[in-house]
Amino acid sequence: MPPRARPTPGPADPLATYRARRDPDRTAEPVPAAGRPLPVGDDDTFVVQEHHTPRGRAGERVHWDLRLERDGVLKSWAVPKGPPTRPGLNRLAVPTEDHPLEYASFAGTIAAGEYGGGEVTIWDAGRYATEKWADDHVTVAFDGGRLSGRYVLFRLPDGTWNVRKLDHTAPPGDQAAPAAPPDPASGRPVVAGAPEDLPPMLAAIGELPRADDLRWGYEFKWDGVRALAHVRNGALTLRARSGNDVTATYPELGRLPAALAGHDAVLDGEVVALDAAGRPDFGTLQGRMHRTGPEVARLAAAAPVSYLVFDLLALDGESLLPLPYTARRDRLDALGPAGERWVTTPWFRGDVPGVGDGVQVASRENGLEGVVAKRLDSPYRPGGRGPDWRKVKNIRTQAVVVGGWRPGAGRRAGGIGSLLLGVPDDRGDLVFAGHVGTGFTATALAELERIVTPRSSSPFVGALPREVTRDAQWVDPDLVGEVAFTEWTREGRLRHPSWRGLRADLLPADVVREP
């Protein structure tokens, strides 16, 4: 089907500079005619082209061009040393003119004497998801052959741009775990086909993919904590997203292996506490998340949790990570782990237009957190936050790092009145994001006072408002919580935040600013 077209916005032509530098009769590059409407895509295609240009006796010069589809064109940066493939390394990225979408598949020779003359090859290509797009800051998640995971392009105070990789996501070819060798005595696998330190795949914030609904499946987003269930030789190990072993925290899930009829498996799902109407209640779950002592058995009986299973990563020593989402869901549905405290969640194939919209409406009507859209052909990429999974929230929430507190008044006199919150920036520095003083129970405040670690100086980068610093009590930034809020202010503060609770499943390094 040919791409839909839209009028070029306003009198400006974003490809005018591109056309002015090229003669369509002399270059092999695509040069669309002026006045042609810009094509409409999904703003999710990227390409990196390797460009070799001759330098006479000096040989040749090579650089790489990173191009991101955006608003009908390819936004482009020249990266002289190539995009970084490991975290923490900044590379110069020079903005260049917008290119036509057709350029995403271009490889060939640009004639000598023409602008950019030389050899162009495709170094990498794939899809990406936008986390933030501003005039001076672009954060995206790549899903390509060489580039994978979160990257940021950002403008420095002197006007130059850099590109930086933000996470440790392995490239797609490194994701699949090999099948485990059998136990010589029993002939059965000694491991479940995936390592116990396997990080879960993550979803990028986005919108419903209405332009190509038929290529996606849809699930409800559950308001709980992520956990991978490793079942081996009839025993269960539950690991949080942080990698911590939380098996002892939820003893009521200990009989899950019996529901697998003797199979070894690795399951992905969400631990939730359900209210009387059967909806996840994050507040109730808070009372369970940090408990490991003798009170756990009593709490498990009074407020039992459930495990909602939505993916199957390994079965009897076979890694299922490379399989498409549909194949993994079919294998999970056939396995059918169902019981009083665990169940396989429903999913909805976008086999007719509008399925995603219908699932979102149902999630709102039932008071759920939102929808997760998953590409039907997507493999499972551990630790990756790429474009293949998109989360669409009905309520805005943000993970935050606790960096301090301010004394309370009235009933809170002598203790914590509000928490000072931060979110790490792209360099890992903790940026002040405001304070929260609502949503706390007396029990939550007492627990916070017990577990925070005081320090003498602010953990936040930069200056804070004087009304905050005059009575602030600083703490080590090692606790992660979650707030609900209405919007981000222009100053980068959370507007009307309300405390939802601590997130023992997250580390401070896991926290990213949600759009």
Side-chain angles (χ1 to χ4, degrees), residues 42 44 127-131 141 143 149-150 169 199-229 240-241 267-272 274 279-280 282 285 306-313 320-321 323-330 332-333 343-351 354-399 482 484 503 505-506 510 512 514-515:
D42 294 325
D44 66 352
R127 292 190 301 273
Y128 80 96
T130 301
E131 188 173 302
D143 177 16
R150 297 177 64 245
T169 306
M201 184 171 175
L202 306 175
I205 285 282
E207 297 181 350
L208 291 176
R210 296 182 176 90
D212 55 354
D213 206 19
L214 304 184
R215 292 188 290 171
W216 295 78
Y218 299 91
E219 302 177 5
F220 294 120
K221 190 175 189 307
W222 308 103
D223 199 4
V225 294
R226 194 80 170 274
L228 298 186
R241 176 178 152 182
L267 307 172
D268 190 0
E270 197 94 355
V271 176
V272 300
L274 302 177
R279 293 173 301 212
F282 192 77
L285 184 63
S306 297
Y307 186 50
L308 307 183
V309 185
F310 48 70
D311 216 325
L312 179 63
L313 312 188
L320 308 184
L321 304 182
L323 297 184
Y325 167 75
T326 50
R328 299 196 311 274
R329 285 297 316 218
D330 288 345
L332 175 61
D333 292 341
V343 68
T344 301
T345 63
W347 69 286
F348 308 89
R349 185 190 294 264
D351 47 10
V355 170
D357 288 308
V359 176
Q360 186 176 42
V361 168
S363 73
R364 288 171 177 160
E365 291 177 345
N366 287 276
L368 300 179
E369 190 180 6
V371 173
V372 180
K374 300 180 178 180
R375 284 186 65 97
L376 299 177
D377 60 354
S378 61
Y380 193 96
R381 305 195 190 283
R385 190 190 297 272
D388 286 339
W389 286 13
R390 300 182 189 177
K391 55 183 178 182
V392 185
K393 292 184 177 182
N394 295 333
I395 59 173
R396 300 190 71 175
T397 59
Q398 173 66 51
E482 184 173 278
R503 293 295 304 254
D505 58 324
L506 298 181
D510 297 325
V512 297
E514 304 279 10

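Everything quoted here is computed from the prediction, not taken from an experiment.
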Lys374 side chain near Glu219 side chain, heavy-atom distance below 4.5 Å: yes
Nearest-0.5 Å distance, NZ of residue Lys221 to CD of residue Glu369: 3.5 Å
Close side-chain approach of Phe220 to Val359, heavy-atom, < 4.5 Å: yes
CD-CZ distance between Glu482 and Phe282, expressed to the nearest 0.5 angstrom: 5.0 Å
CA sep, side-chain torsions, deciding dist, call: Trp389, Tyr380, ring-ring contact (aromatic ring centres under 6.0 Å, His included): CA-CA 10 Å; Trp389 286 13; Tyr380 193 96; 5.7 Å; yes
Basic-acidic side-chain contact under 4.0 Å: Arg503, Asp505: yes
Close side-chain approach of Thr326 and Trp347, heavy atoms under 4.5 Å: yes
Carboxylate-amine/guanidinium proximity below 4.0 Å for Asp268 and Arg226: yes
Candidate pair Met201 and Asp388, rule side-chain contact (heavy atoms from CB on, under 4.5 Å), full reasoning: CA-CA 10 Å; Met201 184 171 175; Asp388 286 339; 4.1 Å; yes
Distance (rounded to the nearest 0.5 Å) between Leu308 CG and Thr345 OG1: 7.0 Å
From CA spacing to verdict: salt bridge (Lys or Arg N to Asp or Glu O under 4.0 Å), Asp351, Arg349: CA-CA 5 Å; Asp351 47 10; Arg349 185 190 294 264; 5.5 Å; no
Arg390 side-chain N/O to Glu207 backbone N/O, donor-acceptor pair under 3.5 Å: yes
Any Val271 side-chain heavy atom under 4.5 Å of Leu285 side chain: yes
Glu131 bridged to Arg150 by N-O distance under 4.0 Å: yes
CA sep, side-chain torsions, deciding dist, call: Tyr218, Val372, side-chain contact (heavy atoms from CB on, under 4.5 Å): CA-CA 6 Å; Tyr218 299 91; Val372 180; over 6 Å; no
Distance in Å, Leu376 CG paired with Arg215 CZ, rounded so as to fall on 0.5 Å steps: 9.5 Å
Flag side-chain contact, heavy atom, 4.5 Å: Arg396 against Glu514: no
Nearest heavy atoms of Gln360 and Val392, plus distance in Å: NE2-CG1, 3.3 Å
From Arg127 atom CZ to Ser378 atom OG, the distance as rounded to the nearest 0.5 Å: 8.0 Å
Heavy-atom check, side chain of Leu506 versus side chain of Arg241, under 4.5 Å: yes
Heavy-atom closest contact (Ala141 atom, Pro387 atom, distance): O-CD, 3.6 Å
Side chains of Leu368 and Pro280 in contact at under 4.5 Å (non-hydrogen atoms): yes
Minimum heavy-atom distance between Leu202 and Gly383, given as atom pair plus value: CD1-O, 4.4 Å
Heavy-atom pair with the smallest gap, counting every atom of Pro199 and Leu228: C-CD1, 4.5 Å
Contact summary for Val309 and Leu332, nearest pair of heavy atoms: CG1-CD1, 3.8 Å
Tyr307 vs Glu270 side-chain heavy atoms within contact, under 4.5 Å: no
Carboxylate-amine/guanidinium proximity below 4.0 Å for Arg329 and Asp311: no
Polar side chain donor-acceptor pair, Ser363 to Asn394, under 3.5 angstrom: yes
Smallest separation among heavy atoms of Asn366 and Ala362, with atom names: ND2-O, 2.7 Å
Phe310/Tyr325 aromatic ring centres below 6.0 Å: no
Between CG on residue Asp333 and OG1 on residue Thr344, distance to nearest 0.5 Å: 6.0 Å
NZ/NE/NH1/NH2 to OD/OE distance under 4.0 Å, Asp143 and Arg381: yes
